[in-house]
S.K.: 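Provided herewith is a single structure, encoded as structure tokens, for subsequent inquiry.
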Amino acid sequence: MFSFVLIKDNHFFNPPDYFPKPIYNFEQPPLDSNKIELGRILFYDPILSKDNTISCASCHSPFNAFAHTDHDLSHGIFDSIGNRNAPALFNLAWQKTFMWDGAINHLDMQALAPISHPSEMGSNINEVIKKLNESKAYKELFLNAFQDSTISTSKILKALSQFQLTLVSSNTKYDKVKMGKETFTEQEKNGYQLYKNNCASCHSEPFFSNYNFENNGLPIDPTLNDMGRYVITENENDKRKFKVPSLRNLSFTYPYMHDGRFMTLQEVINHYTSGIEYSETLSLQFNKSIELSSNEKVDLISFLLTLNDKDFVFNKKHQFKKIADQAKE
Amino acid sequence: MKQYVLFGMLFMTFQTHSQNAVKITFMPKFESENLTLNKVYYFKNDTLNISNFKCYISNLTYYKNDSIVHSSIKKAHLIDATDSSSFIILENEFFKFDKIRFNIGVDSLTNVSGIFEGDLDPANGMYWTWQSGYINFKLEGTSSLCHARKNKFYWHIGGYSPSFNTLRQVALKTNGKVSIQLDKLFEEIDISEEYQVMSPSDGAVQIADKLPSLFKSNQ
């Protein structure tokens with residue numbers, strides 16, 4: 001009960017009433033401004049990578065709703081190219097698993113993966129701790145955040161989580177309509193109905209994802225041969241399944257799909273109406289084909305555009321902050 | 001005067017506890033000797049050495065006449081062959097026991113509960129960063145029977161999901177001295193076939209099944 005009150009009153013994290021209770025446990029430790037700011041500085045600092053060239057923001061840019069635009073597959077240290085498209089980061093407190101295949105089971109543990117991955121940051125947590133320990137400014141930030149200047153895995157990861165938990169996208173036109181502050185146009189209304197009939201079972205409200213793993217009928221790219229969730233579970237039923245991405249902020253997060261194969265929304269919609277490839281694990285929703293006239297496609301897109309959250313994408317509190325700026329303040 | 005008596009009593013209590021506080025020693029061994037890292041062992045028709053050994057002991061519970069007398073205050077304890085102080089689990093009190101029960105590895109709840117400090121810190125090298133989960137038992141070295149590059153073998157045994165659950169329970173009648181007979185693993189596993197296990201998998205589950213038999217009471 002106490003924690004519920006705490007979350008509700010917290011000005012760092014104040015989702016609308018129609019968002020369900022978060023999955024993330026906010027009790028240990030509760031959000032506070034020093035930890036969030038430390039997490040923000042770490043998020044933008046390439047010190048996390050082996051040769052100090054790649055930060056979290058290199059592939060998760062605030063102006064792209066923390067995704068990586070322009071690149072189908074994300075790239076990291078020494079110009080190496082990964083095998084998936086960097087997912088957007090927002091509304092993470094409601095997600096049980098992370099990564100396209102759900103390889104990571106807790107937000108706190110997520111950052112360890114890119115830090116250690118040889119084609120992302122190519123470092124490891126011990127190296128990061130050592131480098132941070134050599135920085136007087138960081139020692140001070142850790143002291144302010146945790147009342148203890150000993151830099152540890154847990155403090156680094158908790159600070160990164162705290163910053164990322166504040167990345168809440170809940171101020172789209174859709175949200176404003178939901179709160180009675182704005183109304184949809186006729187076209188958006190039609191689009192909303194088409195969305196409900198054709199998209200909502202996987203991209204469900206209010207996050208516009210059920211955050212489950214689904215096979216949406218994408219033909220396998222033979223250059224990647226990516227089996228998605230199956231790579232983790234080795235369960236035949238998980239072959240070709242990927243975590244359903246949110247439709248929020250979709251104009252900022254192109255290209256689309258786990259391998260960034262589609263550059264435009266039009267291509268995505270055409271895939272659902274005429275590109276679905278049958279395979280044994282294809283999600284049951286596709287047993288009934290999606291049929292949309294060209295007018296309906298336009299209406300659907302006009303609704304989808306109401307899911308863009310400009311306040312979120314241009315929120316200054318989420319943007320680049322350098323360690324030196326902090327020290328001067 | 002009263003204060004002195006009280007102080008004296010406290011001191012005595014403290015003394016008794018610190019002298020007789022229960023401790024369990026988990027001694028990594030190879031045949032009859034205590035394990036020495038990087039030492040060459042001649043074992044059956046194999047020449048081998050062990051360069052790294054770490055394993056988690058968790059949920060340690062003490063029994064006397066089949067009833068629980070104590071549950072260890074420590075959630076999970078990391079045994080690391082490079083640090084002999086890690087072989088000892090010290091309880092802060094005295095009690096009599098004749099049996100212990102513990103898990104080899106870290107339980108599934110801990111595996112999905114985010115970040116911890118101390119023995120469970122991922123910086124200890126017992127955590128998979130690319131796929132969340134603790135490594136329960138890690139043994140690395142070289143073996144003349146192993147066909148891999150430079151004869152290196154890697155047994156990283158972990159996995160907490162129901163399909164690849166590698167947590168194993170051990171119950172032992174003991175007075176506190178336990179040996180971990182690593183030689184037994186080389187008897188049980190065909191190292192020419194199974195020399196590289198580094199993810200939750202059927203291979204990891206099969207090796208996990210053999211781990212409880214390594215733990216022997218050493219009276």
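All chains are named by letter (A, B, ...) in the order of the sequence lines, taking the proteins before the strands, and each is independently numbered beginning at 1. Keep in mind that the numbers below use all heavy atoms, side chains included, and drop hydrogens, waters and symmetry copies. Predicted model only: the values in this text are computed from it and were never measured.
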S.K.: Pick whichever of Pro200(B), Gly133(B), Ser132(B) has the most heavy-atom pairs under 4.5 Å with chain A.
M.R.: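 Between Pro200(B), Gly133(B), Ser132(B), the count favours Ser132(B).
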S.K.: Using heavy-atom distances under 4.5 Å, tell me whether Ile104(A) contacts chain B through its side chain, its backbone, both, or neither.
M.R.: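 Interface part for Ile104(A): both.
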S.K.: Should we say atom OH of Tyr154(B) is surrounded by more than 12 heavy atoms from elsewhere, each under 6.0 Å from it?
M.R.: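 Count not over threshold, so no.
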S.K.: Mind checking the CG-CE spacing from Asn111(B) to Met109(A)? Nearest 0.5 Å is all I need.
M.R.: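 The distance works out to 8.5 Å.
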S.K.: In terms of heavy-atom contacts, does CD of Gln28(A) have more than 12 from other residues, nucleotides or ligands at under 6.0 Å?
M.R.: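 At most 12 heavy atoms, drawn from other residues, nucleotides or ligands, come within 6.0 Å of this atom.
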S.K.: Closest approach of Ala113(A) and Thr129(B), non-hydrogen atoms and distance?
M.R.: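 What the structure gives for the nearest pair is CB-O, 3.2 Å.
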S.K.: Other residues, nucleotides and ligands only: do more than 12 of their heavy atoms fall within 6.0 Å of NZ on Lys50(A)?
M.R.: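 Check fails, neighbour count at 12 or below.
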S.K.: Could you tell me which non-hydrogen atom of Glu117(B) sits nearest to which non-hydrogen atom of Ser154(A), and how far apart they are?
M.R.: OE2-OG, 2.9 Å
S.K.: Name the option with the most non-hydrogen atom pairs under 4.5 Å to chain B; the candidates are Asn124(A), Thr97(A), Asp108(A).
M.R.: Asp108(A)
S.K.: So which of Leu157(A), Leu107(A), Val128(A), Leu112(A) has the biggest tally of heavy-atom pairs under 4.5 Å with chain B?
M.R.: Leu112(A)
S.K.: Can you tell me how far OG1 of Thr153(A) sits from CZ of Phe116(B), rounded to the nearest 0.5 angstrom?
M.R.: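 Phe116(B) CZ to Thr153(A) OG1: 13.5 Å, rounded to 0.5 Å.
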S.K.: Heavy-atom cut-off 4.5 Å, strictly under: side chain, backbone, both or neither for Thr233(A) against chain B?
M.R.: backbone
S.K.: From Ile115(B) CD1 over to Leu160(A) CG, what is the distance, rounded to the nearest 0.5 angstrom?
M.R.: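 Result: 11.0 Å between the selected atoms.
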S.K.: Please look at Ile232(A) and chain B and tell me whether the side chain, the backbone, both or neither of the residue comes under 4.5 angstrom of a heavy atom of that chain.
M.R.: both
S.K.: With chain A as the partner, which of Gly114(B), Ser113(B), Pro122(B) has the greatest number of non-hydrogen pairs under 4.5 Å?
M.R.: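 Greatest number of close heavy-atom pairs with chain A: Gly114(B).
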S.K.: Show every donor-acceptor pair shorter than 3.5 Å between a side-chain atom in residues 158-166 of chain B and any protein atom, with sequence neighbours excluded, or say none if there are none.
M.R.:
{"residue": "Tyr160(B)", "atom": "OH", "partner": "Asn105(A)", "partner atom": "ND2", "Å": "2.8"}
{"residue": "Ser161(B)", "atom": "OG", "partner": "Ser163(B)", "partner atom": "OG", "Å": "3.4"}
{"residue": "Ser161(B)", "atom": "OG", "partner": "Phe164(B)", "partner atom": "N", "Å": "3.4"}
{"residue": "Asn165(B)", "atom": "OD1", "partner": "Leu167(B)", "partner atom": "N", "Å": "3.0"}
{"residue": "Thr166(B)", "atom": "OG1", "partner": "Asn136(B)", "partner atom": "ND2", "Å": "2.9"}
{"residue": "Thr166(B)", "atom": "OG1", "partner": "Gly158(B)", "partner atom": "O", "Å": "3.4"}
{"residue": "Thr166(B)", "atom": "OG1", "partner": "Gly159(B)", "partner atom": "N", "Å": "3.2"}
{"residue": "Thr166(B)", "atom": "OG1", "partner": "Gly159(B)", "partner atom": "O", "Å": "2.9"}

